[in-house]
There are 2 protein chains.
Amino acid sequence: MEQRKSDAPAEPLSKERLRLWLKLLKASSLIEDELRRRLRADFDWTLPRFDVMSALARTPDGLRMSEISKQLRVSNGNVTVIVDKLVKEGLALRVAVPDDRRAQLVQLTPQGQTIFAEHAGVHEAWVDEMLGGLNADDIDGMILRLDHLTKSLEG
Amino acid sequence: MEQRKSDAPAEPLSKERLRLWLKLLKASSLIEDELRRRLRADFDWTLPRFDVMSALARTPDGLRMSEISKQLRVSNGNVTVIVDKLVKEGLALRVAVPDDRRAQLVQLTPQGQTIFAEHAGVHEAWVDEMLGGLNADDIDGMILRLDHLTKSLEG
DNA sequence: TTCAAAATGTTTAAGCTTGAAATAAATAAA
DNA sequence: TTTATTTATTTCAAGCTTAAACATTTTGAA
């Protein structure tokens, strides 16, 4: 870790933050674009679709529409369209909520679970390949700092 | 397959990489969404528009359409639409390239430069505020590792 | 009870983005 | 020269996303 002059003024830190943001955005976009491209080329899936199925796969009991849109930070209307398609293809189904006739739970069908498991495995291998240039120290260091950042952003 | 320390099997590192990617994506999306929201609310600007003007501001001599789309990793057609609007609003102009009648340089007008400078200052303050939770060590550590990552992604 | 406010989802209109096709100009090959 | 290929850009159709408007149900206060 390099040392800083104790009298380092405030302005450079602000410039460094901007630099950091541009680098963060670039790395994230590079990965996201490539994942999106492969998902489309290999499976004819969109990234939001993968994300919705991923959220559903983590919660076998099902999620409400609003819970999905909140988790993925995507509009409600968007989730409606994606889930409609999943249902039409037999990968998900809507289940009534006993206590609340407005709401409904969305669950993966067994077929949806099977297909997602396959795709998720390939997806994980892609990420592993793309981030392969990082060693264990890089990974831990970034996770640590990203946790700081996200915490301060959400707090 | 290469040998590994008995206490460090291959799987955990792969899982860590996936965890890192999810955290990277989350932090990046949080910041990007908020910037987009503020840009729209305060200036009625889109983020791609800001990005195009930013690229042009860095190169006073002007950029070709294809150079813009390459820098921003955005489709050519998209750049056409954005530049059309900038030109219509008097913030940018198209200049013929002497040697090549297919191409044209896009430059910011003086008005475009002035307006962008104002917005860029506000934008930088937003970023500074959002990343304010990070100390100098966090920033340096992340920049270092993001450079590793981007280099390995592009290489 | 009764009615206003809040919550859950869906629909719709508008804007954004992409990829493919089209146009036009420059370059290379025969 | 003539033809084919490559390069630069625009146009267009299709899909994605959002925000706002809408319909329905639940909650809570008078």
Side-chain angles (χ1 to χ4, degrees), chain A residues 29-30 32-53 55-56 62-89 92-107, chain B residues 29-30 32-53 55-56 62-89 92-107:
Chain A
S29 300
L30 278 174
E32 187 174 346
D33 290 352
E34 178 64 13
L35 285 178
R36 199 185 297 273
R37 196 189 62 72
R38 292 190 187 189
L39 217 44
R40 181 179 193 82
D42 289 12
F43 302 143
D44 199 24
W45 271 20
T46 63
L47 193 50
R49 180 199 189 93
F50 182 85
D51 292 339
V52 166
M53 291 195 73
L56 294 176
L63 288 170
R64 294 185 176 203
M65 301 295 285
S66 53
E67 289 172 332
I68 297 174
S69 73
K70 197 167 121 194
Q71 267 194 37
L72 305 187
R73 296 194 307 285
V74 153
S75 71
N76 251 333
N78 201 350
V79 173
T80 296
V81 175
I82 294 169
V83 170
D84 278 352
K85 286 182 189 164
L86 291 178
V87 169
K88 194 170 294 177
E89 295 175 27
L93 47 85
R94 298 179 208 248
V95 181
V97 175
D99 305 341
D100 190 339
R101 279 194 294 165
R102 295 169 306 180
Q104 43 198 327
L105 286 175
V106 184
Q107 297 175 334
Chain B
S29 300
L30 279 174
E32 188 174 346
D33 290 351
E34 178 64 13
L35 285 178
R36 201 185 294 273
R37 197 190 62 71
R38 292 190 187 188
L39 217 45
R40 180 179 193 82
D42 290 12
F43 303 143
D44 199 24
W45 271 21
T46 64
L47 192 51
R49 179 198 189 95
F50 182 86
D51 292 339
V52 167
M53 293 195 72
L56 293 176
L63 288 170
R64 294 185 177 204
M65 301 296 285
S66 53
E67 288 172 333
I68 297 174
S69 74
K70 196 168 122 193
Q71 267 195 36
L72 306 186
R73 295 194 307 286
V74 153
S75 72
N76 254 331
N78 202 351
V79 174
T80 296
V81 175
I82 294 169
V83 170
D84 278 352
K85 286 183 189 161
L86 291 178
V87 169
K88 194 171 294 175
E89 294 174 29
L93 46 85
R94 297 178 207 248
V95 180
V97 175
D99 305 342
D100 190 338
R101 281 194 293 165
R102 295 169 307 179
Q104 44 197 328
L105 286 175
V106 184
Q107 297 175 335

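Within every chain, numbering begins at 1; the chains are lettered A, B, ... in the order of the sequence lines, protein sequences first and strands thereafter.
- Partners of B/Arg40 by salt bridge (charged side-chain N to carboxylate O under 4.0 Å, His left out), not counting sequence neighbours: none found.
- Across all strands shown, A/Arg94 has heavy atoms under 4.0 Å from sugar-phosphate atoms exclusively, and none from any base.
- Nucleotide C/dG15 holds its C1' atom 12 Å from the CG atom of B/Asp44, rounded to whole Å.
- Within the model, atoms CD1 of B/Ile68 and CG of B/Asp51 stand 11.5 Å from one another, a figure rounded to the nearest 0.5 Å.
- For the pair A/Leu63 CG and C/dG9 P, the interatomic distance rounds to 11 Å; values are reported in whole Å.
- Judged as a side-chain hydrogen bond (donor to acceptor under 3.5 Å, both in side chains), and not counting sequence neighbours, the contacts of A/Glu89 are A/Arg49.
- Atoms CE and CG, on B/Met65 and B/Leu105 in that order, are 11.0 Å from each other to the nearest 0.5 Å.
- Taking a heavy-atom distance under 4.0 Å as the criterion, the stretch of DNA chain D touched by chain B extends 5' to 3' from D/dT7 to D/dT11.
- Ion pair A/Lys70/A/Glu67 not flagged as a salt bridge, since none of the NZ, NE, NH1 or NH2 atoms sits closer than 4.0 Å to an Asp/Glu carboxylate oxygen.
- To the nearest 0.5 Å, atoms CD (A/Gln71) and OG (A/Ser66) are separated by 10.5 Å.
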>> Generate the contact string for nucleotides 16-22 of chain C. Rules: B means base contact, S means sugar-phosphate contact only, - means no protein heavy atom under 4.0 Å.
In response: SSB----

Write out a two-atom table: protein N or O, nucleotide N or O from nucleotides 24-26 of chain C, distance below 3.5 Å.
unit_1	atom_1	unit_2	atom_2	d
C/dA26	OP1	B/Arg101	N	3.0

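- Pairs passing the side chain to side chain donor-acceptor pair (under 3.5 Å) check and including a residue from residues 76-85 of chain A, sequence neighbours excluded, read A/Ser69-A/Asn76, A/Asp84-A/Arg94.
- C/dA30 is paired with D/dT1 under the Watson-Crick or G-U wobble criterion, all donor-acceptor distances under 3.5 Å.
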